[in-house]
Amino acid sequence: MRRPVALRLHAALATAALAVATGVVLSMPEASAVTSSATGYATQNGGTTGGAGGRTVRATTGTEIHAALCNRAESSTPVIIEVEGTINHGNTGKVSGDSCSTAAGVIELKQISNVTIVGVGRGAVFDQVGIHIRESSNIIIQNVTVRNVKKSGSPTSNGGDAIGMESDVRNVWVDHVTLEASGGESEGFDGLFDMKDNTQYVTLSYSILRNSGRGGLVGSSESDRSNGFVTYHHNLYENIDSRTPLLRGGIGHMYNNHYVSINDSGINSRAGARAKVDNNYFEDSKDVLGTFYTDEAGYWQVSGNIYDNVTWSAPGGDTNPAGPDPRSNTTVGIPYSYRLDDAGCVPGIVSQTAGAGKGLRVSDGNCSPQTPTPTPTEPSGTNLSIGAGSDGSSKADGTSYGNVRDGDMTTYWSPAGSTGSVSIKWSSATAVSAIAIREASGSAGTIGSWRVVNADTGAVLASGSGAGVITFPQTTLRKITFQITSSAGTPKVAEFETYAG
């Protein structure tokens, strides 16, 4: 199979070089935490909620992502991991623990459940580091970029897949991500979004997949037919050679996607697979639907699609295109509700909503982008710690308990060892219902178990593990204490924020 992807990259690279030379800054809008809720097949089989209800942990390295997983009480303890910055091989190490099974050079979500990874702040980029989901369930990945993951050459990660799932995976929602490579298999890359070995109930929504030889597959071989129930909607597939996706067995639902410059073949339904293909826009592409590279047929139900400058091969041998006049050859029942945008507006609505750094905007079903109401993951109101007096029970050399109330994430307080306490106090009784414990850069995931104590009475207001936002019934007090009772090293608390709620 020819691989024209690398050749098509020159124009894009030249544009980037011009931007640098002329001083243009290619910036990413401020990103917010996870919003909205899962769609498509990810809503089935009990639904997909990720780390909802769990602690929120901030991570700026791959090692800190792994630490956030490993420092949970159990492998199923919910956690929301907010990621900001560039994740690469240099900062992605293995972390050990009873609630995780990680590895260096890849984000390893193995034998775990109830996890959200979401890009925040100025964005999260996984540079040559793939995300591997294995024997896991209830996972959300949102608002991140994964680029240039290789299976050959150096460095390698995740078998060359940007996001890969295998071995009894259930309920994954991947939303508003950008997955990209810089060529095809001959350049060392593999798939952008792969599922195999009994992976089910997955949705890929509002995402960009581009500049790759392979978009993604469902099933690793003609005999791997235990996968399926996958929804793809409002995604941009651009400059992809094939597999948008490749389906082997199972059911795939593709609606309101924009396919442009699909070079060899597009939706490849084979080995008994059934594809429901609704209101998509196919543009400047070849063989966008059919059964290709096999004599084991797949099937499709089509409606409302637009084929704009699409060319079709003649059928014969292992080539069975659906066009030039695509007709349904099966029916596919869809168990969830969804709203279809008209195919004619798909390029416009996808360009405004798909990919990381787009503000998590979605379509309202009438070709108009909407910004979802954020699901609060941060306390609201004024941080009551700023301007108040505070003290701590102990501190290490070079640190000060005052650093937890200065609004500066670059300064921090540490106990003398692996445990200790730090407090915020006021001159008069103050109502508090939430605190936020922010770990300093490089130490995210260090804090283990903790207690929040009403220092006036000694009553325990909350207990748990891992830093983040902690809520409890509103309490009026003069002094509140955060007690670290175990940790994976020396904790570094950058901020101890307090809120009335």
Side-chain angles (χ1 to χ4, degrees), residues 30-38 42 47-85 87 95 97 99-100 102 107-110 112-124 126 131 133 136-146 163 171-177 203 205 356 359-360 372-380 409 434-439 441 443-450 462-472 494-495 497 499 501:
E30 286 288 318
S32 58
V34 64
T35 67
S36 192
S37 57
T48 304
T49 57
R55 300 300 174 196
T56 299
V57 179
R58 185 67 66 98
T60 60
T61 69
T63 303
E64 289 177 351
I65 294 173
H66 285 159
L69 298 172
C70 295
N71 288 336
R72 296 180 297 160
E74 298 178 351
S75 63
S76 61
T77 301
V79 64
I80 298 171
I81 305 172
E82 297 181 339
V83 183
E84 183 174 16
I87 309 302
V95 178
S99 60
C100 66
T102 70
I107 301 302
E108 189 74 78
L109 307 180
K110 181 179 179 182
I112 62 173
S113 60
N114 309 327
V115 172
T116 293
I117 295 177
V118 55
V120 298
R122 294 189 61 82
F126 294 76
I131 299 174
I133 305 171
S136 295
S137 63
N138 196 24
I139 307 294
I140 294 174
I141 300 171
Q142 190 172 49
N143 202 43
V144 303
T145 294
V146 186
I163 296 178
N171 290 87
V172 178
W173 179 37
V174 179
D175 177 64
H176 283 91
V177 303
T203 295
S205 56
L360 301 175
T373 301
T375 301
T377 58
E378 293 291 318
S380 60
M409 284 292 294
I435 70 173
I437 301 298
R438 316 287 189 187
E439 292 180 282
S441 177
S443 66
T446 301
I447 293 174
S449 58
W450 48 259
S463 61
S465 62
V469 177
I470 302 165
T471 60
F472 42 84
E495 292 297 303
E497 302 170 1
Y499 296 89

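Atoms considered below: every heavy atom in the structure, side chains included; atoms not considered: hydrogens, waters and symmetry mates. As the structure is a computational prediction, the values presented were derived from the model and not from experiment.
- Counting heavy atoms from C-beta outward, Ile141 and Ile133 have side chains that approach closer than 4.5 Å.
- In this view, Ser449 and Thr485, Ser486 satisfy the side-chain hydrogen bond (donor to acceptor under 3.5 Å, both in side chains) rule, not counting sequence neighbours.
- A donor-acceptor pair under 3.5 Å is formed between the side chain of His66 and the backbone N or O of Glu108.
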Under the side chain to side chain contact (heavy atoms under 4.5 Å, CB included) rule, what do Asp175 and Val177 come out as? Steps first, then yes or no, please. CA-CA 6 Å; Asp175 177 64; Val177 303; 6.0 Å; no
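- Of the possible donor and acceptor atoms, none in the side chain of Ser137 sits under 3.5 Å from a partner among the backbone N and O of Ser113.
- Looking at Ile80 and Val57, their side chains never come closer than 4.5 Å, going by heavy atoms from C-beta outward.
- The backbone N or O of Glu64 lies less than 3.5 Å from a partner atom in the side chain of Thr61, making a donor-acceptor pair.
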Step by step, would you call Val83 with Val120 a side chain to side chain contact (heavy atoms under 4.5 Å, CB included)? CA-CA 6 Å; Val83 183; Val120 298; over 6 Å; no
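- A donor-acceptor pair under 3.5 Å is formed between the side chain of Ser99 and the backbone N or O of Leu69.
- Two residues are said to be in side-chain contact when any heavy atoms from C-beta on lie closer than 4.5 Å; Val469 and Tyr499 fail this criterion.
- The side-chain contact (heavy atoms from CB on, under 4.5 Å) search around Ala73 returns Thr77, Ser465, not counting sequence neighbours.
- Between Glu497 and Arg438 a salt bridge is recorded (basic side-chain N to carboxylate O distance below 4.0 Å).
- Of the residues Ile163, Thr102, Val172, Ile117, the one that meets the side-chain contact (heavy atoms from CB on, under 4.5 Å) test with Leu109 is Ile117.
- Residues passing the side-chain contact (heavy atoms from CB on, under 4.5 Å) test with Thr446 are Glu439, Ser443, Ser487, sequence neighbours excluded.
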Side chain to side chain contact (heavy atoms under 4.5 Å, CB included) evaluation trace for Ile437 with Ile447: CA-CA 10 Å; Ile437 301 298; Ile447 293 174; 4.0 Å; yes
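- Contact record, Ala42 with Trp173: CB-CB, 4.1 Å, taken as the closest heavy-atom pair.
- Minimum heavy-atom separation, Cys70 to Val95: SG-O, 3.3 Å.
- Distance alone, capped at 3.5 Å, places no donor-acceptor pair between the Arg58 side chain and the Ile81 backbone.
- Glu495 meets the side-chain hydrogen bond (donor to acceptor under 3.5 Å, both in side chains) test with no other residue; sequence neighbours excluded.
- With sequence neighbours excluded, the residues forming a side-chain hydrogen bond (donor to acceptor under 3.5 Å, both in side chains) with Asn114 are Asn138, listed by chain and number.
- Contacts of Thr48 classified as side-chain hydrogen bond (donor to acceptor under 3.5 Å, both in side chains), with partners at least two apart in sequence or in another chain: Asn171.
- Of the inter-residue distances, the one linking Phe126 atom CZ with Thr145 atom OG1 reads 9.5 Å to the nearest 0.5 angstrom.
- Without hydrogens or angle criteria, Glu84 side chain to Gly119 main chain gives no donor-acceptor distance under 3.5 Å.
- Proximity of Ile140 to Val115: side-chain heavy atoms (C-beta onward) are nowhere separated by under 4.5 Å.
- Atom-to-atom distance recorded for Ile131:CD1 and Ile107:CD1 is 6.5 Å, nearest 0.5 angstrom.
- Taking every heavy atom of both residues into account, Val79 and Arg72 meet most closely at CG1-CD, 3.6 Å.
- Going from atom NZ of Lys110 over to atom OG of Ser136 covers 9.5 Å, rounded to the nearest 0.5 Å.
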